Amino acid sequence: MMEKLKKCLESVRSKTDFVPEIGLILGSGLGDFADEIDIKASVNYNEIEGFPVSTVEGHKGRFVFGYVGSVPVVIMQGRVHYYEGYSMQDVVLPTRLMGLLGIKTLILTNASGGLNKSFSPGDLMILTDHITTAVPSPLIGRNLDELGPRFPDMSEVYSKRLRTIIRDTAETLAIPVQEGVYVQFTGPNYETPAEIRMAKSWGADAVGMSTACEAMAAKHMGLEICGISCVTNLAAGISETPLNHEEVQENAAKASANFKLLVEQVIINIGRE
Ligand code: HPA
């Protein structure tokens, strides 16, 4: 895996020497955020040797390097999901690659289904913690000692400092935000009502098919992490209607203006600290 990562790093470095401070992974509905920044370089995933390429419709696959305000960033426009058939190690390879490219901070975004009764479709939620019990850990297998320890601490995956910045930024922008625990399931099917009841009893507020594994790999490397989720629907059994991908995409698109505004200003405010 380390060899593969180093090959990918060489491949990206042969195309750009841009050094980002913040990495951003774009979830559903946020994809075009990357088109709107001051772009200095971009590298398509299919130009990177050994890189897992996403198959989901509507997901562009490239790294965008550039500036948000004066903050150097790398943005993943399109992520890789476990349900596409990749190993967890491959799913987190892009996250690790961003770490090797120089980022100190990772901002994760996604779409999720809401379990918490006080959530409504379109809400934005700051991740306070996550539950990964329902998916394999990306850290299973020989430890990559160059990246981090065998038994990494996970007591504060989503940095308190960054959560405060997000909350303060949202308040200044008058964008309402919720807070809660995210649980990752494998997908690609949505959950059953019984699974949602189980997840609720575990203490989860929102459910999705990404993010927690990437946060685990980033935490292993010692990155400072935060996450914002767009609650696009009420989860199965809570929603009165069957779930579908179109509804998720529509609600993600509706929330995208606020989502983009918040993410942009959060990056600028993190850069200021
Ligand atoms: N479940 C899992 N993933 C999701 C959902 C959901 O209800 N909504 C958006 N992504």
Side-chain angles (χ1 to χ4, degrees), residues 24-33 54-60 76-86 88 91-92 107-136 138 158 177-216 226-260 262-263:
L24 170 65
I25 303 185
L26 298 178
S28 301
L30 262 187
D32 57 357
F33 179 81
S54 178
T55 57
V56 181
E57 263 178 76
H59 284 260
K60 263 189 211 169
M76 275 188 74
Q77 198 171 26
R79 60 148 62 90
V80 179
H81 298 85
Y82 184 59
Y83 61 71
E84 293 174 71
Y86 299 103
M88 266 303 180
V91 173
V92 303
I107 303 176
L108 290 155
T109 66
N110 64 32
S112 65
L115 276 67
N116 188 315
K117 281 226 161 62
S118 69
F119 291 1
S120 309
D123 281 358
L124 300 180
M125 182 190 93
I126 301 170
L127 274 66
T128 55
D129 203 347
H130 71 211
I131 299 168
T132 64
T133 313
V135 294
Y158 302 90
V177 283
Q178 307 275 10
E179 289 190 301
V181 174
Y182 176 89
V183 60
Q184 179 175 0
F185 282 95
T186 65
N189 54 283
Y190 292 110
E191 301 71 30
T192 64
E195 285 163 345
I196 293 301
R197 286 195 297 276
M198 176 191 71
K200 264 189 106 158
S201 77
W202 284 358
D205 298 290
V207 60
M209 306 175 191
S210 65
T211 302
C213 56
E214 293 151 330
M216 248 192 292
C226 62
I228 311 174
S229 184
C230 176
V231 180
T232 53
N233 57 282
L234 300 178
I238 300 173
S239 169
E240 285 170 10
T241 54
L243 309 191
N244 67 81
H245 185 56
E246 288 68 37
E247 180 198 2
V248 167
Q249 283 184 314
E250 265 171 40
N251 284 330
K254 277 186 207 157
S256 73
N258 269 352
F259 206 170
K260 285 194 277 191
L262 179 61
V263 167

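Keep in mind that the numbers below use all heavy atoms, side chains included, and drop hydrogens, waters and symmetry copies. Quick caveat, the model's predicted, so the values are computed rather than measured. In listed order, ligands and their atoms are each counted from 1.
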Checklist entry - side-chain contact (heavy atoms from CB on, under 4.5 Å) between Met88 and Val135: does it pass, once the steps are laid out? => result CA-CA 9 Å; Met88 266 303 180; Val135 294; 3.8 Å; yes
Checklist entry - Checking side-chain contact (heavy atoms from CB on, under 4.5 Å) against His81, which of Cys213, Ser210, Pro188 comes through? => result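 Only one of Cys213, Ser210, Pro188 forms a side-chain contact (heavy atoms from CB on, under 4.5 Å) with His81, namely Ser210.
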Next on the checklist: Consider side-chain contact (heavy atoms from CB on, under 4.5 Å). Of Thr232, Thr211, Ile228, which one does Asn110 pass it with?
Outcome noted: Thr211
Near [X], which atoms of ligand 1 are under 4.0 Å from a heavy atom of that residue?
X      : result
Met209 : 2 (C), 3 (N)
Glu191 : 1 (N), 2 (C), 6 (C), 7 (O)
Leu243 : 7 (O)

Item to check | Proximity of Thr232 to ligand 1 by residue part, where a heavy atom lies under 4.0 Å | outcome: side chain
Next on the checklist: Checking contacts here: is it the side chain or the backbone of Ser112 that comes within 4.0 Å of ligand 1, counting heavy atoms only? Could be both or neither.
Outcome noted: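 It is the backbone that gets close, since no side chain atom is under 4.0 Å.
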For [Y], is there any backbone N or O sitting under 3.5 Å from a side-chain donor or acceptor partner on [X]?
X      : Y      : result
Glu250 : Glu247 : no
Tyr190 : Ala235 : no
Ser239 : Thr241 : yes

Heavy-atom nearest neighbour in the protein, as seen from [atom], with distance rounded to 0.1 Å:
atom                    : value
atom 3 (N) of ligand 1  : Gly208 CA, 3.4 Å
atom 10 (N) of ligand 1 : Ala111 O, 3.5 Å
atom 7 (O) of ligand 1  : Asn233 ND2, 3.0 Å
atom 5 (C) of ligand 1  : Gly113 N, 3.4 Å

Item to check | Ring geometry between Tyr158 and His130 (parallel below 30°, tilted from 30 to 60°, perpendicular above 60°) | outcome: perpendicular
